[in-house]
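Accompanying notes for the structure given below.
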Amino acid sequence: MPPETNHRGQGTRNRPKHRLLLPLLLASALALGLTLTACGSSDSTSSSSASGSTDSGGESAGVAQIPKYLGPIKSADSGKGKKLDVGVTVALSGEGSVWGTVQLKGAELAAEQIKELGGPEFHIIASDNKSGDPSAGVEAARKLAANHVGMGLTSYTADVGAMLPEIKKAQILSFDGGGGTSVFAEGSPYFWGSRAVTPGDALPGVLKYVQETEPEAKRVAMIFWDLGGELNKVVEENAKQQIEEAGMELVLYEPTQIGSTDFTTTIQHISDSDPDVVLAGVYGIEVANFMKQYVSSGTETPLFGFDITAQAREAAGSALNGFKYAFDYFDSDAPSNGWAQIFVDSYEEAYGSPPDFYAANFYEDMYVLWDLVRRVEAKGGDPASGEQLQKALEEEPQFPSVYGGNGEEAGTLAFDLATHSVAKRPMGLFEYSTESEESKLLASFNINGSDFVLK
């Protein structure tokens, strides 16, 4: 059932009372016994120089085409000549730095392009949350507040929620393209999650795919990170509800230790439950660890995951051949619209490697900020005011996106005004080939499995 919308397309989102959680980064931060602090500088000021090749006019050739995907940009409202501070709080040290560095690169690239396009100079103030250390997040938020910074990007769901009180108090309009809102941060003042919650937002699309391709499949086994106590119950109950709504039965739900390298017992329990479908809610390098053991066990039951990273692909080798996974994955090998292709080309030229979904999310979030700045400028307001920026968002919570769309049109990112999570976010179910090292799109869909298309 598609989300209900009002005349402005604002979603009220038909969903369970609690959605399945958690985004990859947040869940790792909640793991018992997982060391999240690391040495490194706590903050720095970043000035992007990631510019692509230029044409005779001095503007990057591909970048000049971006406005046709964004819509009209009036020079009077563009913010040109203004310098606006943006706090970007990501993991620049610790185990999460592999993601934090690309998130920062995505934001820096967008800031450079926006300036080229006649927008403001977004001055990025980069701070290190040390891979989810709450004290680092609090320190970063307080520094932004002290410097009257009105906008920011965060990760780890505002550093496991540590930044939320200061974000509210200082009215810092913040977007999190790394961890999203999760569950506990839904509706938090001035905080918005700009990625789909995994696996809950993607699961309805996966189940529709199963219904289309394996109509006899009824028994579902699911494993998911052990979040402890009540959170495990929340995840299990939501999974059960979504699976039953699809006319199937949850025959096994098993929490697995975060950071686990041995899945022997879990795989045996899956086999004993005799499922028709397996859902694997493990993340990061654990995808490789689990899949190598799953394949070597000889189990042939169809399996669907919710994450894939370059590190997992490298570690898993042939065990990931045919691996199916679903989330708001940015496919840099086959960008879905023309703006996305410009982003990929620009990123590769600037940094020497293709962007992943974290880079795409933070890149896109900077363009969301620019959109809001232009709206505030058009009304003669203060574009550095988080309060005025958020009001502009609430009046129209839809934005162009590098996800979805087609060659001539950008996709659409939309926010839910109640939860502050995404009400509309193009997602896909993909199949990875180790031979081609590429992913094939099997189905596309949106929140709650709406707009489902079998490829």
Side-chain angles (χ1 to χ4, degrees), residues 1-23 26 151-158 160-161 163-205 230-231 234-235 237-239 241-242 245 327-328 361 364-365 368-369 371-372 375-376 386-401 403-404 411-427 445-451:
M1 182 176 180
E4 297 175 5
T5 58
N6 66 15
H7 68 282
R8 288 190 305 218
Q10 299 167 2
T12 57
R13 294 191 73 179
N14 295 324
R15 64 171 125 188
K17 183 178 180 181
H18 298 287
R19 289 179 300 157
L20 289 180
L21 58 155
L22 278 162
L26 172 61
M151 64 188 91
L153 308 182
T154 70
S155 64
Y156 284 81
T157 307
V160 202
M163 300 177 70
L164 294 176
E166 198 63 52
I167 286 173
K168 175 184 177 181
K169 179 181 178 182
Q171 298 179 329
I172 305 171
L173 178 63
S174 303
F175 294 96
D176 196 311
T181 61
S182 185
V183 170
F184 71 86
E186 286 188 342
S188 295
Y190 290 91
F191 178 77
W192 301 76
S194 54
R195 68 166 301 194
V197 174
T198 177
D201 284 342
L203 184 53
E230 290 301 314
L231 288 180
V234 169
V235 176
E237 285 303 311
N238 279 271
Q241 177 180 332
Q242 290 180 310
E245 287 176 353
F327 65 110
D328 47 346
N361 293 349
E364 181 174 280
D365 286 346
V368 170
L369 287 175
D371 191 317
L372 296 174
R375 297 183 197 178
V376 172
E387 181 180 15
Q388 293 182 38
L389 292 169
Q390 175 159 275
K391 184 177 180 180
L393 185 156
E394 292 171 339
E395 290 174 350
E396 179 49 71
Q398 296 196 116
F399 304 86
S401 175
Y403 291 81
T412 299
L413 167 66
F415 292 97
D416 185 289
L417 296 181
T419 66
H420 291 194
S421 188
V422 288
K424 188 171 185 179
R425 183 62 159 177
M427 290 179 283
F445 47 88
N446 219 294
I447 301 295
N448 291 328
S450 64
D451 305 324

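Heavy atoms only: backbone and side chains are in, while hydrogens, waters and symmetry mates are out.
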Task: Criterion side chain to side chain contact (heavy atoms under 4.5 Å, CB included) against Val422, the qualifying member of Val197, Asn446, Asp416, Ile447 - done: Ile447
Open item on the list: If I take atom CG from residue Leu203 and atom OG1 from residue Thr198, how far apart are they, to the nearest 0.5 angstrom?
Closed with: 9.5 Å
Task: Minimum heavy-atom distance between Thr181 and Trp192, given as atom pair plus value - done: CG2-C, 4.3 Å
Task: Sub-4.5 Å side-chain heavy-atom contact between Pro400 and Asp371 - done: yes
Open item on the list: Can a side-chain donor-acceptor contact be found between Ser401 and Glu364 if the only test is distance below 3.5 angstrom?
Closed with: yes
Open item on the list: Distance check, rounded to the nearest 0.5 Å: Glu395 atom CD versus Leu372 atom CG?
Closed with: 10.0 Å
Open item on the list: Quick check against the 3.5 Å criterion: does Thr157 have a side-chain atom that pairs as donor or acceptor with the backbone of Gly180?
Closed with: yes
- [ ] Check whether any side-chain N or O of Asp328 sits under 3.5 Å from a backbone N or O of Arg195 as a donor-acceptor pair, and report yes or no.
- [x] no
Task: Which atom of Phe184 lies closest to which atom of Val160, heavy atoms considered - done: CZ-C, 3.8 Å
Open item on the list: Taking the side chain as everything from C-beta on, heavy atoms only, tell me whether Tyr190 gets closer than 4.5 Å to Leu393.
Closed with: no
TODO: Compute whether any side-chain donor of one residue and acceptor of the other, for Thr154 and Asp176, lie under 3.5 angstrom apart.
DONE: yes
Open item on the list: Using modelled atom types and a 3.5 Å cut-off, is there a donor and acceptor pairing between side-chain atoms of Gln242 and backbone atoms of Gly200?
Closed with: yes
Task: Residue pair Leu153 / Leu369, side-chain heavy-atom distance below 4.5 Å - done: yes
TODO: Under the side chain to side chain donor-acceptor pair (under 3.5 Å) rule, what do Glu245 and Gln241 come out as? Steps first, then yes or no, please.
DONE: CA-CA 6 Å; Glu245 287 176 353; Gln241 177 180 332; 3.3 Å; yes
Open item on the list: Donor-acceptor pair, distance only, cut-off 3.5 Å: does the side chain of Arg375 make one with the backbone of Glu396?
Closed with: yes
TODO: Using atom types as modelled and distance alone, determine if a side-chain donor or acceptor of Ser174 lies under 3.5 Å from a backbone N or O of Ile172.
DONE: yes
Task: Side-chain touch Arg425/Leu413, heavy atoms, less than 4.5 angstrom - done: yes
- [ ] Quick one: closest heavy-atom pair of Ala185 and Phe191, and the distance?
- [x] CB-CE2, 3.8 Å
Open item on the list: Please verify the inter-ring angle class for Phe415 with Phe175; under 30° counts as parallel, over 60° as perpendicular, anything in between as tilted.
Closed with: tilted
Task: Donor-acceptor contact present, side-chain Ser194 to main-chain Gly177, <3.5 Å - done: yes
